[in-house]
Structure formats: structure tokens, C-alpha cells
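Here's the structure we're looking at; comments come further down.
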Protein chains: 2
Amino acid sequence: MTEDLSAIFSPERLSGGGPGPLYVKLRRTLEEAVKIGRLKQGDALPPERDIAEFAAVSRVTVRKAIDDLVAEGILVRRHGSGTFVTKPVSKVEQRLSQLTSFTEDMARRGMTARSEWLHKGIHTPSPDEMMILGLAAGTKVSRLSRLRIADDQPLAIEHASVSGEFLPDPAVVTTSLYAELEKRQVRPVRAVQRISATNMKESDAGLLGVPVGAAGLSIERISYLGSGRAVEFTRSLYRGDAYDFVAELTIGAT
Amino acid sequence: MTEDLSAIFSPERLSGGGPGPLYVKLRRTLEEAVKIGRLKQGDALPPERDIAEFAAVSRVTVRKAIDDLVAEGILVRRHGSGTFVTKPVSKVEQRLSQLTSFTEDMARRGMTARSEWLHKGIHTPSPDEMMILGLAAGTKVSRLSRLRIADDQPLAIEHASVSGEFLPDPAVVTTSLYAELEKRQVRPVRAVQRISATNMKESDAGLLGVPVGAAGLSIERISYLGSGRAVEFTRSLYRGDAYDFVAELTIGAT
DNA sequence: TAGTGGTCTAGACCACCCG
DNA sequence: GGGTGGTCTAGACCACTAT
């Protein structure tokens, strides 16, 4: 084992590893070791203290190099246990051109999907909600927040707002919001989504089990009835490492 | 000024700021100060050494707190100058349901778009390229990589691969790849995109002028002719803080 | 030149996991 | 209990920016 260690982390290799600060050289050395398969998926790195000793740098410098690779998703730390090369999770694919519910979608691909409710309640609408859902003064809005879990892995956080007119009591929703809306004959038929990428904040990262700053897909969706009336306004945050959206495009009339 | 400093960073406030390590408390304090407008967009933070002194913690701890907020995109550091509250960049919106070229798209919204070529060349196709573009053995592929810049701000990195049959000499492409393909009557009419979020690696982050680990939208696109033949395979990486994709959905036939 | 962030050290102690 | 990562310190020097 000691041979392997010094082979990867020898001070000679670091000094010859191009320009830049020590932690950058060390980061590149580690990255390279993973890329060429010298360190394989699931492998444990040597303890930080050992790396520091063999590379002749301080432990703080080792941690800084590892910090960056954790932020890039290449390594994962497990407190009290060690640091490991990330095993890529198999990505869930979501068809962007179809409006489906999470529950239905996961069932269709044979995955066990469940949710943990974070919140259900009736509220006075925020200015955003009034604008987007077209609410009159004095009306209420139902808010439903949940953690989406597929095959026991947290996948997304979802905050939905529905006009109180269409869903007066959010407590009746147990699994699929869309199924409940369908029951009430107000299932949306069209939606507009806005997709962007964002670095996760502490609270969201905690719920999804990823490090602070991990990349997430942020999706805002507004769903409409056939009449053009807005029904639902949902903000979701998907784990970037676990979700793929697939969209089909056609040539655009300008 | 000193009053403001101690008002925000007093040790009392930190100790009363909930549970967790010092740098987490300090991070929350800073985050709160930004959220409630105590620190406004573009404002400079006090020097790290001053914060450390007033909060009665070491400078390393201050840096760790700031590190996290930089990773979340809330603060930006400028070497030799100071640390500042981020001014949000206005996001570019891209319609997902239409297949347009970057150049055409930016022109339509009145922005000055340009590109810097990172690479143009003819290569032996990779296994991926052979599969996706349906290349026969012995054929070549044109690769074009460029940095997309809108209003003097780097926005995306794009790596395009086109079958040599359709584009034997990539040097002829100067501005719009699609315009060139149209000239050759092989402009695609349909495409499939795969969208995910990822934390940027050093090289990409450097080109786009964002910190390592910043969130990016990763988009893989395969474009097809009317005949169903694949023309182009493009991998792009967009700055997550500067790009929004908008998609319209309709109810899906299962 | 003065002030700021960037890197780095050596050492300490805490918190968690596992045999 | 032994080993691992997590936090924290005090101090040093370097690199960049503004004036």
C-alpha cells in the first residue's frame, strides 16, 4: 500500500505537475489518478494525514485540494470513515415535452417513488402567486412542499402553489397532486417551464443529501387549463447528478 | 463604519446564531445581512482581517464562511481589491422548443454575440461520434469548439461534431454553423437535447470566468435531417447564472 | 506603497464510524 | 479504542489592485 501511496503523491510528481499553487497541483494529481483509473470508483483515498506526509504538504492544503474535487462531484467524504471516489448514480430521464406527474412517471419506468411531505397548508398568497395564478384579492392559496424520493434516494424538492379555488384543502392530496386535480376536473393540459442551473444552499443540499454548492436543476413550472387559466405554480430543485431532462426540438418559425 | 462592522459581526450575535460550527454561524450571519439588505448588491465586505477581529475568530474561519457563499454565488472575491455582494446578471432566455442557432438567436434579441474559436479540425471519430452520427469506418469528423460570448460576457462553451460528409472542412465556418449547413442544404430540422446540471471543472470555469464548482447547464444535442440522418452532435456548457431555458409542455399521451 | 485577498504551515482538539 | 474526517488557531509570506 505504501508503494502505491508514494507513487501517486510523491513530492517530485507534485513539483513537476505544472504551474500553480500546491493545492492545485495536488488536485490535478488526484484528478488524473481518478481519470486514468489509478483510483477506481468506490476506492478509498488514503487518509488526509498520510497524503499530507507523503506529499510533504500540510493537511490543510490536502483538504483544500479534496474540497475542490468534492465540489466537482468527483470525490465524496464520509465523516469518520474516509474519502472515496464517487460512484456515478444512474440518471433518471425526464421527457420535457410531456406534462406528467412525478408519481406516474416513476411508476412507468418501474421505480419505486415516494414523497415525504415537508408542508401542506392554506395561506394568503404572495404577490408572485397572485400575479402568476391570477388570484383575486381575498382568495387563498394551497401550498404543498415535498421531498421526492426514487428508489430510496432523494431526488428533488418541490414547492407547489395551487389556487384555493381549485384545491381548497391541501390535506386531501396524499400521493399525486395531478391525480387529485384530475378528480376535480381541473387537471392542467399545458405548462411552461423555466429551467436553470444553480448551486444549492445549505437547507436544500441537506434535504437532498448532497454537499453545499452542489449543482441543481431549478425548474419553475406554470400549468394551465384548456381555458388558459393558470392552475398550479411549482418551483422544483432537482439533484444535478441524478436527473436528466430530454427535450425534442423542431425547426423554429422565426 | 466601525459601528456597522461590530453591529453585524459581534461575537454575541454569532454565539446566539443557532447551532453549528463557527464558520456556519458566520456564514448565516453574512447571508442574513445580504438578504435583509444590510449589505446591498455591489457593496464591499469589510476586509477578512477586520471581520476576523470583530467576530473574534481566526481569518481561516472567516475565509471558510466566505468560501461557501462564493460557491453559492452570493459573494464574489476580487484579488487585491475586496469581497463584494454579487450583482445578479440578467439572464438570457432560450426557447427550448425551437431549433435555432446561437448567432441568430442573440441577434433577434438585440444582443451583440460573438464567438472565440477554441478549436477547428478534422479527426478520426471517437466511438461516441461513430455511434451517434452513424459514421462508417474510415470516415472523418469535423470538430468545432468555441466560446460563446454575448454582450462581452462569456456565456457558454460549445463542442460540435459534424460528419465529414456534411462538412469536410471546418475552416469554412466563421460565424454560424447552421448557416453553413444550410448553404450545403444539410440544415437539421429536428433535434433531441439532454439537459442536466453540473459543477464546473477548473478548465471550463476559467473560460467562462466563474469560480470552480459554479453550477452550469450541460446540454447535449443531436440534430437530424428530415431524412432522419444525424448531422451534428454538440455538447455545450452554459453558465447557470446567466442562462434560462424555457420549454412548453402539453399533456402527454402515455 | 498600502491594503486586500491567496496560499501555506504545524499543531490542537472534536465528532463520527466501525470492529 | 483507534482511525477517520471536521473545525479552529496564530502567524507568515506571496500576489494582485489601487492610488
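The shown structure was predicted, so the numbers you read here are calculated from the model rather than taken from an experiment. Side-chain atoms are counted along with the backbone in the values below, which use heavy atoms only and exclude waters and symmetry mates.
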Whole-Å distance separating the [atom1] atom of [X] from the [atom2] atom of [N]:
{"X": "A/Leu22", "N": "D/dA15", "atom1": "CG", "atom2": "P", "value": "12 Å"}
{"X": "A/Arg59", "N": "D/dG3", "atom1": "CZ", "atom2": "P", "value": "15 Å"}
{"X": "A/Asp43", "N": "D/dT4", "atom1": "CG", "atom2": "P", "value": "16 Å"}

Hey, would you say the A/Phe245 and B/Phe245 ring centroids sit under 6.0 Å apart? no

What residues form a salt bridge (Lys or Arg N to Asp or Glu O under 4.0 Å) with [X], not counting sequence neighbours?
{"X": "A/Glu158", "value": "A/Arg146, A/Arg148"}
{"X": "A/Arg194", "value": "B/Glu93, B/Asp244"}
{"X": "A/Glu116", "value": "A/Arg114"}
{"X": "A/Arg235", "value": "none"}

Can you sort out the partners of B/His79 under ring-ring contact (aromatic ring centres under 6.0 Å, His included), two or more places apart, ordered by chain and number? none

List in chain and number order the residues that pass ring-ring contact (aromatic ring centres under 6.0 Å, His included) with B/His119, two or more places apart in sequence or in another chain; answer none if no residue qualifies. B/His123

List for me each residue that meets side chain to side chain donor-acceptor pair (under 3.5 Å) alongside A/Thr234, sequence neighbours excluded, and say none if there are none. A/Glu232

Hits for side chain to side chain donor-acceptor pair (under 3.5 Å) against A/Asp43, two or more places apart or cross-chain, chain-then-number order -> none

Pairs meeting criterion side-chain hydrogen bond (donor to acceptor under 3.5 Å, both in side chains) with involvement of residues 59-76 of chain A, two or more places apart: A/Arg27-A/Asp68, A/Glu48-A/Arg59, A/Glu48-A/Arg63, A/Ser58-A/Thr61, A/Asp67-A/Arg77

Go through residues 75-87 of chain A and report each residue with a non-hydrogen atom lying under 4.0 Å from DNA chain C, sorted by number. A/His79, A/Gly80

5'-most contact on DNA chain C: A/Val60 or B/Arg49, nearest heavy atom basis? B/Arg49

So the contacted stretch of DNA chain C, first to last nucleotide with an atom under 4.0 Å from a non-hydrogen atom of chain A, runs from C/dT7 to C/dC17

For residues 201-213 of chain A, which residues have at least one heavy atom under 4.0 Å from DNA chain D? none

